[in-house]
Amino acid sequence: MKQLKRIKGTQDALPEKTMQWQALEKHIRRNMALFNFREIRTPVFEMTEVFARGIGQFTDIVSKEMYTFQDRSKKSLTLKPEMTAPVMRAYMENSLYAQAPLQKLYYIAPLFRQENPQAGRLRQFHQYGAEFIGSPAPEADVETIVLALHIFEELGLTNVRLRINTVGDPESREPYKLLLQDYLKHNIPNPEPQVAERIANNPLRVLDSKDEKLREVIAGAPKLVDHLKEKAAEHYRSVKTQLESAGVSYSEDPTLVRGLDYYTHTVFEITSDALGAQNALCGGGRYDLLARQLGGRDFPAVGFAAGMERILMALESQGKSLARPAVPDVFLITMGEAARATMTSWLAKLRRAGLSADADFLGRSVKAQFREANRSGTRFSLILGEDELNQKFFAVKDMKNSTQENVPFDSLTNYLLQKKESLTV
RNA sequence: GUGGGUGUAGCUCAGUUGGUUAGAGCACCAGAUUGUGGCUCUGGGGGUCGUGGGUUCAAAUCCCAUCACUCACCCCA
């Protein structure tokens, strides 16, 4: 029979790896709490509309890159490819705006996109992120950026770089688009069909092209920053001033854009040189137009999403580990039938006392049991043979110092708990 | 959707111009030490050489096809 395999673009997290995941998640939760963000969880799937409306029907994303399927009642459902739209949907559906004018929400979630895998890009991947809903103020943008950076700093990731830009408001952007289109049409003589289509439909997106020749043209293109109306200009100025006074170093990148038109004002990205071509650890921005696009009232909001696989990759390439392997406090070694018969009850007693305990489940030789104890990384082996059983004591072996001590049955757990405490101090 | 790279033991990889029963290190198991792990030594198990076809007296090696993985482009919410 053929070996079953996981599906393309998915990963099994083995115990070595899940330790890192757990540590990362713990780290995220701790720092989110530090900024007073609270967790929200949404279903792994949604009505396709949630994403189709959020993202816009015209893009390839909706038609090609989402896991969309019909359930038995012929409803079109989609595995969530991102979290911003579901969070906004949940925010409106549960009337969170009625509880308080501001909501600081965060999430940690698996997401699904049917793209071709490459370094740092999977079909099931995980993001954490924050959505700060309710405030149009630049202070909220700064709070969000500072939070994103804080988490990276605390992780000990080095060589992370913050780039920022503004995509303005519709009053600034619409006239600018025409200006840009005009420039691109005149300066790209024979555009590839894809590029021509871009210029026509989503000219901003041309700005972040990787094509060398295009980049030369783009370098001379008019910049949105230079064509902002006063309100948008003021917002951007304020964000920059506050970042500076908060001591945040950033660089401005006029080619940093977002593909979707619900974004407004601030956009930002945090990249790492420890990654491959997909070098963004985190991306975010203000999206004041999303709520309306989803069919609700206007709710100003700003947020970010960060790729957890990429963070773990970057940490690994910098030789950093977030977690130490867990080892049992004790390993029980029995010799002979009589001793072995008491194994289960001793394990239960140890565990009730709060000691993590393991033993041999193969009936192996003493030597093999010690080898197993050694492999487990435990500090203490508890040896129970005929002599010990008859005289009611354990031979407790310190695996590190290779010393051994006889401990009566009735003082065993206290003895071990004391040892454990003295080691952790 | 497009292009490059790679598929040999659980893992990392050797394998000469095609030539006998396909190797190493690590890991695993056992013995040396029948009540004591790590270090050392000795031994052992484990492979339809990704899959299918072709050429040949003979294929891991050459040819064709195919699949998988991987990196990059496209795209990137």
Side-chain angles (χ1 to χ4, degrees), chain A residues 2-3 5-11 14 16 46 50-66 78-88 111-123 125 127 129 192-195 197-198 202 205 208-212 256-263 267 269 275-280 283-285 287 290 293 303-305 307 310 331 333-336 339 360 362 364-389 395-404:
Chain A
K2 205 161 185 189
Q3 175 75 47
K5 301 185 69 185
R6 63 178 180 265
I7 64 180
K8 190 189 189 74
T10 63
Q11 285 183 335
L14 305 179
E16 292 261 311
E46 294 272 354
V50 171
F51 307 109
R53 272 204 250 166
I55 293 162
Q57 275 85 345
F58 61 92
T59 59
D60 279 4
I61 292 170
V62 172
S63 56
K64 294 181 190 161
E65 287 163 12
M66 300 199 312
T78 294
L79 296 181
K80 60 187 176 188
E82 55 122 0
M83 275 300 281
T84 305
V87 168
M88 186 54 87
L111 302 175
F112 306 85
R113 299 181 187 177
Q114 200 163 166
E115 298 178 291
N116 270 344
Q118 69 186 74
R121 177 180 279 181
L122 293 161
R123 290 186 169 186
F125 60 102
Q127 289 188 338
E192 309 265 322
Q194 273 175 333
V195 176
E197 200 186 318
R198 265 286 156 84
N202 203 350
R205 200 76 242 204
D208 67 357
S209 166
K210 280 185 184 172
D211 188 289
E212 278 299 321
L256 176 62
V257 293
R258 305 268 95 159
L260 308 182
D261 54 10
Y262 58 66
Y263 281 99
V267 294
E269 206 163 273
L275 298 173
Q278 304 300 320
N279 65 349
Y287 52 95
L290 174 62
Q293 214 162 305
F304 73 82
R310 291 184 191 177
F331 195 96
I333 290 170
T334 62
M335 302 170 194
D360 173 53
L362 285 172
R364 284 182 285 184
S365 69
V366 173
K367 181 205 265 294
Q369 291 188 61
F370 267 99
R371 203 164 37 230
E372 190 64 46
N374 194 56
R375 186 168 19 231
S376 79
T378 191
R379 181 65 185 267
F380 299 103
S381 289
L382 309 183
I383 304 151
L384 186 65
E386 273 181 44
D387 295 348
E388 287 85 354
L389 203 55
V396 177
K397 178 166 183 175
D398 182 325
M399 299 296 279
K400 191 174 175 192
N401 303 331
S402 291
T403 56
Q404 205 160 309

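Letters A, B, ... mirror the listed sequences (proteins, then strands); counts begin at 1.
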Enquirer: Looking at every strand, decide which applies to Gly276(A) at a 4.0 Å heavy-atom threshold: base, sugar-phosphate, or nothing.
Expert: sugar-phosphate

Enquirer: Tell me what Ala373(A) touches on the nucleic acid: a base, only sugar-phosphate, or nothing, going by heavy atoms under 4.0 Å.
Expert: nothing

Enquirer: Measure from the side-chain heavy atoms of Lys5(A) and tell me the nearest of G1(B), A68(B), G38(B).
Expert: A68(B)

Enquirer: Round to the nearest Å and state the distance from Gln3(A) atom CD to G10(B) atom P.
Expert: 11 Å

Enquirer: Under 4.0 Å between a Lys/Arg side-chain N and an Asp/Glu carboxylate O for Glu269(A) and Arg258(A)?
Expert: yes

Enquirer: What integer number of Å spans the C1' atoms of U17(B) and U56(B)?
Expert: 16 Å

Enquirer: State which residues pass salt bridge (Lys or Arg N to Asp or Glu O under 4.0 Å) with Glu372(A); sequence neighbours excluded, sorted by chain then number.
Expert: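 With neighbours one apart ignored, the set is Arg364(A), Arg375(A).
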
Enquirer: For nucleotides G31(B) and U36(B), find the distance between their C1' atoms and express it as a whole number of Å.
Expert: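 Here G31(B) and U36(B) have their C1' atoms 16 Å from each other.
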
Enquirer: Mind calculating the distance between CG (Leu382(A)) and C1' (U36(B)) to the nearest angstrom?
Expert: 13 Å

Enquirer: Please report the distance separating the P of A22(B) from the corresponding atom of G50(B), rounded so that it comes out in whole Å.
Expert: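 Those two atoms are separated by 15 Å.
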
Enquirer: Return the value, rounded to whole Å, for the distance between atom CD of Gln118(A) and atom P of C75(B).
Expert: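 The distance from CD of Gln118(A) to P of C75(B) comes to 12 Å, rounded to the nearest Å.
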
Enquirer: Can you measure Asp208(A) atom CG to C75(B) atom P for me and round it to whole angstrom units?
Expert: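 It is 9 Å, rounded to the nearest whole Å.
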
Enquirer: Out of the candidates Arg121(A), Glu82(A), Arg123(A), only one should pair with Arg113(A) under the side-chain contact (heavy atoms from CB on, under 4.5 Å) rule; please name it.
Expert: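 So the option named by the test is Glu82(A).
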
Enquirer: On a heavy-atom basis, which atom in Thr10(A) and which in Ile7(A) lie closest, and how many Å separate them?
Expert: OG1-O, 2.5 Å

Enquirer: What is the distance, to the nearest angstrom, from the CG atom on Leu122(A) to the C1' atom on C71(B)?
Expert: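 In whole Å, C71(B) C1' lies 13 Å from Leu122(A) CG.
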
Enquirer: Given the P atoms of U61(B) and C49(B), what is the spacing between them in whole Å?
Expert: 10 Å

Enquirer: Along nucleotides 27-35 of chain B, 5' to 3', which nucleotides get a B, which get an S, and which get a -, given that the test is a protein heavy-atom distance under 4.0 Å?
Expert: -SSS--B-B

Enquirer: For a quick check, tell me whether the side chain of Asn374(A) and the base of G38(B) share a donor-acceptor pair closer than 3.5 Å.
Expert: no

Enquirer: Once salt bridge (Lys or Arg N to Asp or Glu O under 4.0 Å) is applied, do any residues pair with Arg198(A), and if so which ones, sequence neighbours excluded?
Expert: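 Not a single residue meets the salt bridge (Lys or Arg N to Asp or Glu O under 4.0 Å) criterion with Arg198(A).
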
Enquirer: Examine G37(B): is either OP1 or OP2 under 4.0 Å from a nitrogen or oxygen in the side chain of Gln369(A)? Give yes or no.
Expert: no

Enquirer: What does the 5'-to-3' dot-bracket notation of RNA chain B look like when only Watson-Crick and G-U wobble pairs under 3.5 Å count, and pairs to other strands show as |?
Expert: (((((((..((((.....[...)))).(((((.......))))).....(((((..]....))))))))))))....

Enquirer: Given the C1' atoms of A14(B) and G53(B), what is the spacing between them in whole Å?
Expert: 28 Å

Enquirer: When you look at Leu389(A) and Leu384(A), which way does the side-chain contact (heavy atoms from CB on, under 4.5 Å) test go after all the steps?
Expert: CA-CA 6 Å; Leu389(A) 203 55; Leu384(A) 186 65; 4.2 Å; yes

Enquirer: Please tell me which of the listed nucleotides, C74(B), C71(B), G37(B), lies nearest to the side chain of Gln194(A)?
Expert: C74(B)

Enquirer: Got a donor-acceptor pair under 3.5 Å from the side chain of Arg121(A) to the base of C76(B)?
Expert: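 Indeed, a donor on one side and an acceptor on the other fall under 3.5 Å apart.
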
Enquirer: Rounded to whole angstroms, how far apart are CD on Glu115(A) and P on C76(B)?
Expert: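 The distance from CD of Glu115(A) to P of C76(B) comes to 9 Å, rounded to the nearest Å.
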
Enquirer: What's the gap between C63(B) and U16(B) when it is taken at their P atoms, as a whole Å value?
Expert: 14 Å

Enquirer: Is there a donor and acceptor pair, one atom on the side chain of Ser381(A) and one on the base of G37(B), closer than 3.5 Å?
Expert: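 Check fails, no donor-acceptor contact within cut-off.
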
Enquirer: Scan residues 395-404 of chain A for pairs that pass salt bridge (Lys or Arg N to Asp or Glu O under 4.0 Å), counting only residues two or more places apart or in two chains.
Expert: Arg379(A)-Asp398(A)

Enquirer: Search all heavy atoms of Leu256(A) against all heavy atoms of Val267(A) and return the closest pair with its distance.
Expert: O-CG2, 3.8 Å

Enquirer: Taking atom C1' of G37(B) as reference, at what distance in whole Å does atom CG of Asn401(A) sit?
Expert: 14 Å

Enquirer: Asn116(A) has a side chain; which of U36(B), G1(B), A77(B) sits nearest to it?
Expert: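 The answer is G1(B).
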
Enquirer: Would you measure the distance from the C1' atom in U20(B) across to the matching atom in G25(B) and give it in whole Å?
Expert: 26 Å

Enquirer: OP1 or OP2 of C75(B) less than 4.0 angstrom from a side-chain nitrogen or oxygen of Arg198(A), does that happen here?
Expert: yes

Enquirer: Checking side-chain contact (heavy atoms from CB on, under 4.5 Å) for the pair Lys80(A)/Val50(A): CA distance, chi angles, key distance, verdict?
Expert: CA-CA 9 Å; Lys80(A) 60 187 176 188; Val50(A) 171; over 6 Å; no

Enquirer: In whole Å, I'd like the distance from the CZ atom of Phe380(A) to the C1' atom of G37(B).
Expert: 15 Å

Enquirer: From the set G37(B), A77(B), G1(B), return the single nucleotide nearest to any side-chain atom of Met399(A).
Expert: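 So the nucleotide nearest the side chain must be G37(B).
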
Enquirer: What's the shortest heavy-atom distance between Thr78(A) and Pro81(A), and which atoms?
Expert: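 Heavy-atom minimum between the residues: CG2-CD, 4.4 Å.
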
Enquirer: Using atom P in both nucleotides, what's the gap between U2(B) and U21(B) to the nearest angstrom?
Expert: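 About 43 Å, rounded to a whole number of Å.
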
Enquirer: Is atom CD of Gln404(A) surrounded by more than 12 heavy atoms (other residues, nucleotides or ligands) closer than 6.0 Å?
Expert: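 For Gln404(A), atom CD is crowded (more than 12 foreign heavy atoms under 6.0 Å).
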
Enquirer: With heavy atoms under 4.0 Å as the rule, sort Phe331(A) into base, sugar-phosphate or nothing.
Expert: nothing

Enquirer: Once side chain to side chain contact (heavy atoms under 4.5 Å, CB included) is applied, do any residues pair with Leu122(A), and if so which ones, sequence neighbours excluded?
Expert: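 By the side chain to side chain contact (heavy atoms under 4.5 Å, CB included) rule, Leu122(A) matches Gln11(A), Phe125(A), Glu309(A).
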
Enquirer: Of Lys8(A) and Tyr262(A), whose closest RNA chain B nucleotide lies nearer the 5' terminus?
Expert: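 Looking at RNA chain B, the more 5' nearest nucleotide goes with Lys8(A).
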
